[in-house]
6 protein chains.
Amino acid sequence: MPSMLADTAEKIKRMEIRGAGRIARAAVRALQEHSSSVQAGSVEEFREKMGEAETLLLSTRPTAVSLPNAVHSVMAALRRDYPSVGSAREEFSRACESFVIRSEQAVRKIGEIGARHIRDGDVLLTHCNSEAALACMLEAWRIGRDFTVFATEVRPRNQGLLTIGTLGEAGIPTNFIVDSAARYFMNEVDLVVVGADAISVNGAVVNKIGTSQIALAAHESRTRVMVAAETYKFAPRTILGEYIQIEERDPSEVLPSEFAGKFRNVRVRNPAFDVTPAEYVDLIVTEAGAIPPQMAYIIIRDILGWDIGDFNHGVSDRREEGKGSTRGPGSAPAG
Amino acid sequence: MPSMLADTAEKIKRMEIRGAGRIARAAVRALQEHSSSVQAGSVEEFREKMGEAETLLLSTRPTAVSLPNAVHSVMAALRRDYPSVGSAREEFSRACESFVIRSEQAVRKIGEIGARHIRDGDVLLTHCNSEAALACMLEAWRIGRDFTVFATEVRPRNQGLLTIGTLGEAGIPTNFIVDSAARYFMNEVDLVVVGADAISVNGAVVNKIGTSQIALAAHESRTRVMVAAETYKFAPRTILGEYIQIEERDPSEVLPSEFAGKFRNVRVRNPAFDVTPAEYVDLIVTEAGAIPPQMAYIIIRDILGWDIGDFNHGVSDRREEGKGSTRGPGSAPAG
Amino acid sequence: MPSMLADTAEKIKRMEIRGAGRIARAAVRALQEHSSSVQAGSVEEFREKMGEAETLLLSTRPTAVSLPNAVHSVMAALRRDYPSVGSAREEFSRACESFVIRSEQAVRKIGEIGARHIRDGDVLLTHCNSEAALACMLEAWRIGRDFTVFATEVRPRNQGLLTIGTLGEAGIPTNFIVDSAARYFMNEVDLVVVGADAISVNGAVVNKIGTSQIALAAHESRTRVMVAAETYKFAPRTILGEYIQIEERDPSEVLPSEFAGKFRNVRVRNPAFDVTPAEYVDLIVTEAGAIPPQMAYIIIRDILGWDIGDFNHGVSDRREEGKGSTRGPGSAPAG
Amino acid sequence: MPSMLADTAEKIKRMEIRGAGRIARAAVRALQEHSSSVQAGSVEEFREKMGEAETLLLSTRPTAVSLPNAVHSVMAALRRDYPSVGSAREEFSRACESFVIRSEQAVRKIGEIGARHIRDGDVLLTHCNSEAALACMLEAWRIGRDFTVFATEVRPRNQGLLTIGTLGEAGIPTNFIVDSAARYFMNEVDLVVVGADAISVNGAVVNKIGTSQIALAAHESRTRVMVAAETYKFAPRTILGEYIQIEERDPSEVLPSEFAGKFRNVRVRNPAFDVTPAEYVDLIVTEAGAIPPQMAYIIIRDILGWDIGDFNHGVSDRREEGKGSTRGPGSAPAG
Amino acid sequence: MPSMLADTAEKIKRMEIRGAGRIARAAVRALQEHSSSVQAGSVEEFREKMGEAETLLLSTRPTAVSLPNAVHSVMAALRRDYPSVGSAREEFSRACESFVIRSEQAVRKIGEIGARHIRDGDVLLTHCNSEAALACMLEAWRIGRDFTVFATEVRPRNQGLLTIGTLGEAGIPTNFIVDSAARYFMNEVDLVVVGADAISVNGAVVNKIGTSQIALAAHESRTRVMVAAETYKFAPRTILGEYIQIEERDPSEVLPSEFAGKFRNVRVRNPAFDVTPAEYVDLIVTEAGAIPPQMAYIIIRDILGWDIGDFNHGVSDRREEGKGSTRGPGSAPAG
Amino acid sequence: MPSMLADTAEKIKRMEIRGAGRIARAAVRALQEHSSSVQAGSVEEFREKMGEAETLLLSTRPTAVSLPNAVHSVMAALRRDYPSVGSAREEFSRACESFVIRSEQAVRKIGEIGARHIRDGDVLLTHCNSEAALACMLEAWRIGRDFTVFATEVRPRNQGLLTIGTLGEAGIPTNFIVDSAARYFMNEVDLVVVGADAISVNGAVVNKIGTSQIALAAHESRTRVMVAAETYKFAPRTILGEYIQIEERDPSEVLPSEFAGKFRNVRVRNPAFDVTPAEYVDLIVTEAGAIPPQMAYIIIRDILGWDIGDFNHGVSDRREEGKGSTRGPGSAPAG
């Protein structure tokens with residue numbers, strides 16, 4: 001029977017476990033379970049075996065951002081001295097417990113903070129289907145704010161349908177538009193609210209393709225842009241200059257394979273994300289408070305607890321292969 | 001049996017005849033045919049009866065731009081003096097013939113001029129499926145230019161499929177992307193080429209929804225934007241302050257009606273066009289040469305031959321009802 | 001008894017006759033009266049004597065813009081050939097009559113055209129107390145448009161009080177704000193409507209101090225700026241490089257003289273106008289139609305009828321003395 | 001006889017004690033006095049009673065920024081352990097003493113630092129009547145810098161008269177201009193120096209209405225903008241997403257009540273402050289050094305000593321009622 | 001003995017005759033001389049032979065701008081009807097005479113107009129060694145304006161040394177700086193004055209490499225940019241979409257050949273010109289008056305007298321080969 | 001025989017020891033040597049004598065940035081308590097050793113981090129001859145990245161020749177251009193890489209004259225700008241408002257003295273550096289990681305270990321005399 005650790009690692013690898021928050025919590029739960037069962041004759045040996053478990057998990061998705069943040073966060077508990085394996089085990093378990101709780105509360109806290117930026121009469125615009133961004137809107141509605149939302153279609157996977165479902169069910173008056181219509185309506189919009197897949201040390205925000213275009217149009221119209229993101233979205237390895245890899249997904253998402261054959265000399269390009277430079281972002285709302293994007297370094301260092309010394313400088317360059325060749329100002333390093 | 005005039009008027013009204021160029025030529029052909037059959041005892045009477053025909057045609061689609069431009073252009077022939085009805089009829093017919101030929105040649109001339117702006121190694125981006133914009137690319141390819149094109153999907157009606165079909169068939173290496181990905185690739189792009197549905201007196205370009213967002217991203221990246229447009233796309237009544245009506249099309253284009261029922265509190269907004277301000281356009285290529293957008297007034301006055309005195313000042317305000325309520329800088333007046 | 005010509009010249013000089021339109025019409029009326037009474041034995045002599053009258057009038061306010069435009073416009077009638085003094089006199093009188101009528105109708109026509117740019121639900125902002133700008137708003141209200149206006153105080157002479165009086169009386173919901181609050185409310189504003197004191201050949205608009213700041217804030221917010229101006233506000237001598245003089249008015253307008261004595265080392269600077277560069281103006285509405293600011297040259301040449309050959313190149317440089325030393329991009333030449 | 005604590009609370013409430021610095025020092029003095037007289041049997045009880053005093057003071061002006069900063073700063077002394085009430089009392093008193101001294105020195109230190117940014121030949125522009133901004137100019141003059149200042153009128157309360165009085169008395173050559181003339185002179189200006197009423201976590205600066213317009217014009221002209229502000233102007237609750245409330249003051253400040261009756265359909269809007277986004281601010285000079293605006297979070301956390309854990313998440317939403325509905329990018333959260 | 005026509009053609013080809021003005025006048029003089037000696041039995045034959053001479057001259061430097069403008073201008077005289085060869089010859093000679101005189105006066109007129117834009121106390125910046133730009137400064141100095149100039153070095157050919165020689169001799173206080181220092185001093189500069197090698201139909205200005213960088217820095221600082229250019233610098237074929245060829249000159253200008261051998265893997269890129277987009281130019285001063293850059297089309301059509309019908313549409317594409325592959329927005333077509 | 005301390009001080013003063021890194025290491029080595037030989041009866045006396053040595057070194061080049069950073073860094077070791085002079089000496093020596101090693105490794109680490117921002121197919125542009133910027137490019141080449149570089153000439157001292165020598169020797173395909181051509185090629189460039197002479201607390205980067213112009217052109221083209229700089233380039237005294245002095249070097253660098261005599265009324269202005277505002281910089285790569293420019297304060301405080309309390313507030317104002325009078329936004333304080 002495979003251990004929970006191996007099983008979790010496998011599921012993350014095969015992307016059965018998806019989503020920054022779920023990956024983070026699953027990895028920590030697996031480490032916690034592993035710590036309770038692993039045999040060790042000394043604190044030193046315990047540390048070593050947990051280190052092996054850490055390595056296993058980190059290898060599953062080298063470019064995920066929340067995974068190393070989560071693992072690093074709880075492994076920090078083992079850097080202290082312990083009188084016995086038992087006490088180390090206990091303390092480690094407590095750290096895991098605490099991480100999971102904080103992670104589960106993160107979205108709710110972000111919602112509370114973000115909701116304060118939404119006022120009666122506001123017109124909002126959101127892109128894609130971010131749990132944290134939705135939390136801000138739902139919480140604002142819950143406490144009685146009266147506003148309307150423009151939600152985009154989000155080609156090619158049409159996540160906008162999920163978003164209008166959620167908003168509409170809650171009773172929030174929602175307008176549904178194609179992605180191209182964002183600038184057309186932008187002069188009516190008071191606040192753009194989006195999530196993030198990753199945030200670079202220089203405050204550049206990696207999010208669903210199209211976000212940077214919307215943020216640009218917002219900036220042109222003096223419309224505020226608020227990003228809602230859990231702290232584990234901040235990518236520590238960008239401090240070392242690594243790029244956040246912009247995945248190019250399957251062409252069939254854009255051009256169904258039955259059609260593709262009809263077109264000669266045509267290649268589908270399907271980047272999943274783009275990079276919004278910090279200058280187009282007014283505020284990032286995290287569970288640790290609202291910050292300007294330039295504070296990303298402080299979040300990585302002081303909240304996530306990374307230190308330049310923690311990194312392995314000889315990090316393999318192979319990991320960057322196959323990355324998209326297009327970057328704008330604010331392109332961002334990877335975790 | 002209905003006359004060709006009545007028949008054409010009906011077809012334009014029911015939008016069986018569509019497209020700026022086709023509407024223009026059909027209206028002129030109908031006037032030409034009408035002029036050859038209409039009974040008149042004097043030049044004066046001939047003028048009067050042709051004027052009635054003009055009024056009939058103009059009433060079919062009050063917001064089309066090419067229709068009044070075409071009709072006005074040939075009716076100008078009747079403003080001169082004629083010794084007999086026969087000579088007036090003859091001259092009018094000649095004017096109609098000449099208009100139709102120039103109209104048919106316009107796209108080819110635009111292609112020749114626009115092609116000179118495309119160079120070996122260039123990366124182009126186009127949006128929607130403009131005959132004039134395609135002519136520039138096809139002509140450039142024909143004379144041996146080596147370049148590649150990014151073509152967008154163009155939601156909600158996916159005209160991008162037509163575009164990649166045409167480009168790919170011609171052998172031009174073409175990339176197909178969702179509309180949201182325009183800014184992602186913009187730093188690689190050397191030239192944006194688009195068409196126009198209408199151009200305002202201040203050089204603002206009305207074109208397929210999403211064009212203004214692409215032009216904005218091009219401006220941000222110091223990428224040139226070239227608009228290919230026949231002169232009859234310039235909207236004379238914008239000199240009188242009329243807005244070019246931005247049509248909102250059927251919601252089911254965006255959200256199929258079978259889905260719409262599932263969503264509560266959701267309204268689809270489906271503007272067909274947006275307005276690109278002149279400051280984001282480097283050049284407009286017409287069959288009368290390449291011009292900066294600020295020359296729109298000169299095109300309307302000197303090429304289309306409109307004069308401020310030609311207009312009926314008491315133009316009904318009813319025509320503006322139902323217009324979209326959202327405009328940016330450079331919103332534009334109607335024809 | 002002084003002639004009407006001398007009397008009018010004196011009144012313009014002493015600024016008893018003020019306002020671009022009133023000066024223009026008074027000068028033309030004086031020329032008309034003079035033409036009917038002046039004794040001349042030949043057309044040549046008639047031309048000569050009218051030329052002396054022209055010179056007298058032009059000397060009264062060398063920096064006014066409408067004065068030379070008006071005088072030049074009617075004097076053009078004398079450049080043609082006439083069989084007799086009587087016919088010249090008659091034709092000249094007709095030209096004067098026609099000028100006065102067109103001038104009187106100009107504001108009404110501007111109102112009709114400008115009103116079409118105002119829509120239901122719009123929020124407008126106006127600065128100072130321009131007759132032409134007010135005409136646009138009043139006409140829009142008259143034909144049933146539903147909108148509200150922000151009007152500024154317009155320090156130091158508080159012309160805003162006149163504006164809110166006129167707007168309020170008409171029933172238009174009006175907000176009154178200090179000049180400094182324009183940017184605060186700009187994100188709510190759909191359209192800025194202002195007048196002009198003079199317009200330079202490059203489309204720069206000279207208007208009440210503060211206008212350029214408001215236009216800048218509008219541009220920052222993607223809010224449209226519409227300038228309402230009679231064609232005689234376009235300054236022909238700017239083609240020759242002359243600056244439009246920015247008058248510095250009396251310090252006591254800003255700091256009442258009874259206070260001034262209390263302040264040591266303090267100097268009041270009181271420029272009456274500033275210069276808005278063409279890039280912040282979307283449209284200029286004239287009685288000859290709406291144009292982009294870059295069409296100023298065409299207005300001067302084709303509507304006002306000036307030709308480079310009309311100008312006296314040796315124009316005295318003394319006239320520029322005492323001008324303010326501060327100019328931004330778009331500073332503008334004088335008439 | 002009312003205690004000094006109650007008396008101070010009352011005076012702050014009734015706005016007899018005004019100004020960020022004075023409120024801060026008065027509150028701390030009241031707490032100090034209270035600590036010396038309050039009866040307590042244990043350190044715990046002492047803490048409790050002081051906590052009640054803290055609550056009383058904080059309730060007086062829920063939106064002031066300096067008040068919670070000051071109170072929080074000295075109450076921190078009570079978070080440590082003490083062997084006796086006496087020692088706690090003593091330490092608390094020392095903390096209060098130290099706070100007051102630092103507060104009193106803050107403006108002087110800001111003056112010293114800010115003065116180094118003023119050079120011989122500089123032209124400065126200031127808006128409103130900020131003690132800290134004046135300190136920079138007066139100190140620069142004292143150490144021999146040779147410069148001139150443009151000072152605005154500051155409608156509607158004309159605080160500019162105070163400013164030109166102070167500057168002129170010191171011998172500094174000063175120009176007095178209406179608020180609208182700032183852009184006109186901006187190309188001559190080397191440095192804009194203003195104060196702040198509050199600074200948000202994202203570096204947005206809340207200051208006298210008109211400041212943001214001046215900062216925008218400065219940015220357009222590549223003129224530097226320096227904000228002089230004591231650290232207690234940084235608003236900690238903005239980390240929680242609260243807005244800094246923009247007060248709308250009495251209409252009669254703008255339109256004397258005797259006039260108001262004359263105007264129908266007119267409403268005065270009188271916001272006292274506006275929000276300057278961080279991108280228009282080059283430097284904020286505090287008594288703890290010069291920083292870029294994006295360091296606001298660090299000031300709040302490391303200098304003011306706030307921690308996300310310090311905040312009461314359930315902060316009442318009622319406090320935001322009645323706030324102005326207009327915000328630009330960089331609108332800012334409240335304290 | 002070679003005819004003057006052949007001789008002139010040869011000298012233009014071998015670049016013994018250089019400079020836009022000199023080429024223009026030499027070609028016209030050669031045509032004039034040719035017209036006086038050519039044998040023709042009829043006006044038709046005369047036209048034909050002159051047409052051959054025209055063709056010969058135009059073939060010498062296909063990318064010059066002033067050459068076709070000059071030749072086209074005088075050949076227009078032959079489009080009219082003449083009773084005899086003698087009268088055609090006479091009229092043609094008069095047209096040539098007149099062209100040469102206007103050309104010789106152009107720089108002086110530009111100087112007169114441009115000088116009015118220079119005021120006491122101004123700081124100017126100029127780049128390269130333009131006769132027309134110098135004329136503005138020298139004339140301003142002659143009429144008593146008091147100003148100083150920053151002149152750049154103008155690598156790689158150091159034409160700045162000529163400029164400071166001319167300015168300094170005239171007594172104008174001149175600062176000499178490296179090209180890289182333009183932005184450093186730009187905040188002190190009131191007006192940038194440069195010449196042009198060619199101007200495109202959309203107002204883009206082709207001038208010495210580095211000009212566009214200076215214009216960009218001027219725009220960033222709200223400093224005005226004035227271009228001084230004779231009307232024959234406007235490139236008519238840009239209306240047909242042709243690019244103005246940006247010549248890449250010999251590497252040895254940048255890296256002396258004796259050095260070049262020392263460097264491996266190094267290639268010198270030496271473009272002689274760059275393209276300044278119209279949005280960075282406030283005014284173009286021509287001998288026909290000051291205009292905004294967007295008026296280029298009008299200059300080409302109304303002053304230079306070109307008509308779209310004049311052009312040979314089948315213009316060979318070969319002429320664009322070898323052009324530089326780098327263009328920014330505003331890259332411009334060739335003549 | 002002069003001590004190594006005195007000798008080093010002299011060499012730094014006479015600029016025999018140059019370059020930020022070399023000065024820093026030489027000063028620390030001299031302090032280390034001095035600490036090993038200085039006689040002291042107590043830790044207190046040891047501290048005092050080392051303090052005298054510190055003062056001597058700091059006085060040699062009051063405006064260098066790396067010198068006080070280095071000295072301050074090692075002197076921090078003496079602030080702790082020691083049981084004996086010997087142990088203090090030992091610890092101090094260790095601190096010096098460690099500083100020198102870290103300094104020597106800094107460039108290598110910057111190279112490793114910066115190299116990750118360079119990708120296959122990239123086009124880079126560099127200005128001047130920065131060791132740290134070169135390290136990024138050389139390391140990227142070493143690990144197999146395939147890219148090309150544009151390197152500028154760098155007038156007036158032509159350091160570009162050193163740069164193309166180094167790049168070319170390494171095999172990197174390099175283009176050599178005059179400084180003025182940067183904008184011409186910028187649209188082809190993916191990444192600008194430059195070094196820094198000093199960095200201000202607000203992230204403004206002081207570097208070789210011309211850098212700010214290139215960064216501006218990069219920003220206009222949405223091209224990323226990466227600054228490579230060791231942490232000791234961050235200028236701590238800018239927190240106190242001091243300007244970083246922009247040195248004006250000898251005129252003969254620009255205009256050889258043999259030429260200078262030929263020019264009347266001409267003055268050479270030769271600033272060695274300019275200031276690039278933070279908004280044009282995407283990332284600063286230091287040996288402590290990549291950061292946004294706004295993190296400069298954190299580097300100064302947390303990495304360099306300066307505290308506001310460390311500074312002598314009464315710092316002499318004389319040091320600012322003779323500074324250049326021209327500053328843009330982002331002008332920066334001195335060290």
Among [options], which residue has the highest count of heavy-atom pairs closer than 4.5 Å to chain E?
| options | answer |
| --- | --- |
| F/I164, F/D274, F/V254 | F/I164 |
| F/S221, F/G168, F/A170 | F/G168 |
| F/R155, F/E253, F/R264 | F/R155 |
| F/I214, F/I172, F/L161 | F/L161 |

Within this structure, what is the [atom1]-[atom2] distance for the pair [X] and [Y], rounded to the nearest 0.5 Å?
| X | Y | atom1 | atom2 | answer |
| --- | --- | --- | --- | --- |
| F/E153 | E/L255 | CD | CG | 8.5 Å |
| F/L216 | E/M186 | CG | CE | 10.0 Å |
| F/T211 | E/R183 | OG1 | CZ | 10.5 Å |
| E/F263 | F/E169 | CZ | CD | 9.5 Å |
| F/R267 | E/F150 | CZ | CZ | 8.0 Å |

Original post:
Checking heavy atoms, do the side chain of E/F259, its backbone, both or neither come under 4.5 Å from chain F?
Top reply: neither
Original post:
Side chain, backbone, both or neither: which part of E/A182 has an atom under 4.5 Å from a heavy atom of chain F?
Top reply: both
Evaluate the side-chain proximity of [Y] to [X]: yes if any heavy-atom separation is below 4.5 Å, no if none is.
| X | Y | answer |
| --- | --- | --- |
| E/V178 | F/P156 | yes |
| F/V266 | E/L167 | no |
| F/F176 | E/N270 | no |
| E/Y184 | F/Q213 | no |

Original post:
E/R269 and F/N175: which non-hydrogen atoms are nearest, and at how many Å?
Top reply: CG-OD1, 3.7 Å
Original post:
What closest approach, in Å, do F/D179 and E/S180 show between heavy atoms, and which atom pair accounts for it?
Top reply: CB-OG, 3.3 Å
Subject >> Residue F/E131 excluded, over 12 heavy atoms near CD under 6.0 Å >> reply: no
Subject >> Top of E/G171, E/A181, E/S212, E/P173 for chain F proximity - count of heavy-atom pairs under 4.5 angstrom >> reply: E/S212
